[in-house]
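Working notes for the structure below.
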Amino acid sequence: MNMPTDDILDQMESLLNVASDYTRLKIMYCISNGEKSVSEIVEEVGASQSLVSHQLKVLRKANLVTTRKEKTKIFYSLADDHVISLLNIVHEHVTEE
């Protein structure tokens with residue numbers, strides 16, 4: 001495997017740092033089966049709306065989640081299959097014996 005450029009390594013580090021937060025991991029798992037509104041995420045994750053909204057903003061900025069607006073509601077979903085793969089790989093790694 002070839003060593004990535006410094007720029008790519010910096011981007012990888014930033015992405016992994018964003019994804020490694022406990023609440024953000026819970027949010028990503030929450031929406032891994034389909035899009036949800038903020039209120040649905042708040043209920044499932046068990047965190048305050050302000051905390052969830054802030055973490056969704058961080059995840060969106062890192063291109064890990066996307067949004068869809070329907071009238072006045074915003075729905076969040078994982079950006080693509082790569083995010084699901086990342087979650088699955090990390091889960092497999094930490095649960096293997």
Side-chain angles (χ1 to χ4, degrees):
M1 184 180 305
N2 293 332
M3 177 69 71
T5 64
D6 287 347
D7 182 52
I8 296 296
L9 286 170
D10 285 342
Q11 291 177 47
M12 291 171 67
E13 176 187 26
S14 294
L15 179 68
L16 291 172
N17 280 330
V18 168
S20 69
D21 177 83
Y22 182 82
T23 303
R24 290 191 286 262
L25 280 169
K26 285 180 78 173
I27 291 169
M28 288 188 290
Y29 268 103
C30 175
I31 61 176
S32 66
N33 292 323
E35 67 180 16
K36 293 188 177 156
S37 67
V38 173
S39 58
E40 292 172 310
I41 296 168
V42 164
E43 186 176 318
E44 193 170 324
V45 171
S48 69
Q49 181 173 347
S50 61
L51 177 61
V52 168
S53 294
H54 173 74
Q55 299 303 349
L56 284 166
K57 182 179 178 181
V58 172
L59 290 167
R60 189 170 177 202
K61 186 176 178 183
N63 296 315
L64 291 169
V65 300
T66 59
T67 60
R68 178 181 68 82
K69 190 170 185 176
E70 186 176 297
K71 296 182 182 174
T72 59
K73 268 192 162 180
I74 298 176
F75 294 90
Y76 291 84
S77 59
L78 295 180
D80 56 33
D81 290 340
H82 294 114
V83 182
I84 293 170
S85 296
L86 179 65
L87 292 172
N88 287 336
I89 288 168
V90 172
H91 183 267
E92 276 181 37
H93 184 74
V94 300
T95 58
E96 71 184 353
E97 294 183 22

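Heavy-atom basis, side chains included; hydrogens, waters and symmetry copies ignored.
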Next on the checklist: Can you confirm whether more than 12 heavy atoms, excluding those of N17, are under 6.0 Å from its CG atom?
Outcome noted: yes
Next on the checklist: Distance check, rounded to the nearest 0.5 Å: L51 atom CG versus R24 atom CZ?
Outcome noted: 9.5 Å
Next on the checklist: With a sphere of 6.0 Å drawn around CD of Q11, does it hold more than 12 non-hydrogen atoms of other residues, nucleotides or ligands?
Outcome noted: yes
Checklist outcome for this item: With sequence neighbours left out, the residues meeting salt bridge (Lys or Arg N to Asp or Glu O under 4.0 Å) with E92 are none
Item to check | M28 to A19 - nearest heavy-atom pair and separation | outcome: CE-O, 3.9 Å
Checklist outcome for this item: Heavy-atom closest pair (V42 atom, A47 atom, distance to 0.1 Å) is CG1-O, 3.1 Å
Next on the checklist: Please enumerate all residues that pass side chain to side chain contact (heavy atoms under 4.5 Å, CB included) together with S14, with sequence neighbours excluded.
Outcome noted: none
Next on the checklist: Between N63 and L15, does the side chain to side chain contact (heavy atoms under 4.5 Å, CB included) criterion hold? Intermediate values first, please.
Outcome noted: CA-CA 9 Å; N63 296 315; L15 179 68; over 6 Å; no
Next on the checklist: Main chain of I41, side chain of K36: is a donor-acceptor contact present, judged purely on distance under 3.5 Å?
Outcome noted: no
Item to check | side-chain contact (heavy atoms from CB on, under 4.5 Å), paired with I84, selected from N88, L87, L86, D80 | outcome: N88
Next on the checklist: Donor-acceptor check, side chain of S53 to backbone of S50, threshold 3.5 angstrom: yes or no?
Outcome noted: no
Checklist entry - What closest approach, in Å, do L25 and S20 show between heavy atoms, and which atom pair accounts for it? => result CD1-O, 4.2 Å
Next on the checklist: Once rounded to the nearest 0.5 Å, what's the spacing between atom NZ of K73 and atom OG of S39?
Outcome noted: 4.5 Å
Item to check | Within one Ile-Leu-Val-Met-Phe-Trp-Tyr cluster: Y29 and V38, side-chain cutoff 4.5 Å | outcome: yes
Checklist entry - OG1/T67 to CG/L59 distance, rounded to the nearest 0.5 angstrom? => result 12.5 Å
Checklist entry - About how many Å separate CG of L56 and CD of Q49, when rounded to the nearest 0.5 Å? => result 10.0 Å
Checklist entry - At what distance, to the nearest 0.5 angstrom, does OG1 of T66 lie from OH of Y76? => result 10.0 Å
Checklist entry - Between H93 and E96, which heavy-atom pair has the shortest distance, and what is it? => result O-CG, 3.3 Å
Checklist entry - Any link between F75 and V65 through a network of hydrophobic side chains (Ile, Leu, Val, Met, Phe, Trp, Tyr) touching at under 4.5 Å? => result no
Checklist entry - With a cut-off of 6.0 Å (strictly less than), are more than 12 heavy atoms of other residues, nucleotides or ligands near CG of D7? => result yes
Item to check | Taking every non-hydrogen atom, the tightest pair across P4 and L9 | outcome: O-CD1, 3.8 Å
Checklist entry - Once you round to the nearest 0.5 Å, how far does NZ of K26 lie from CD1 of I31? => result 14.0 Å
Checklist entry - Going only through I, L, V, M, F, W and Y residues with side-chain contacts under 4.5 Å, is there a path from I27 to I74? => result yes
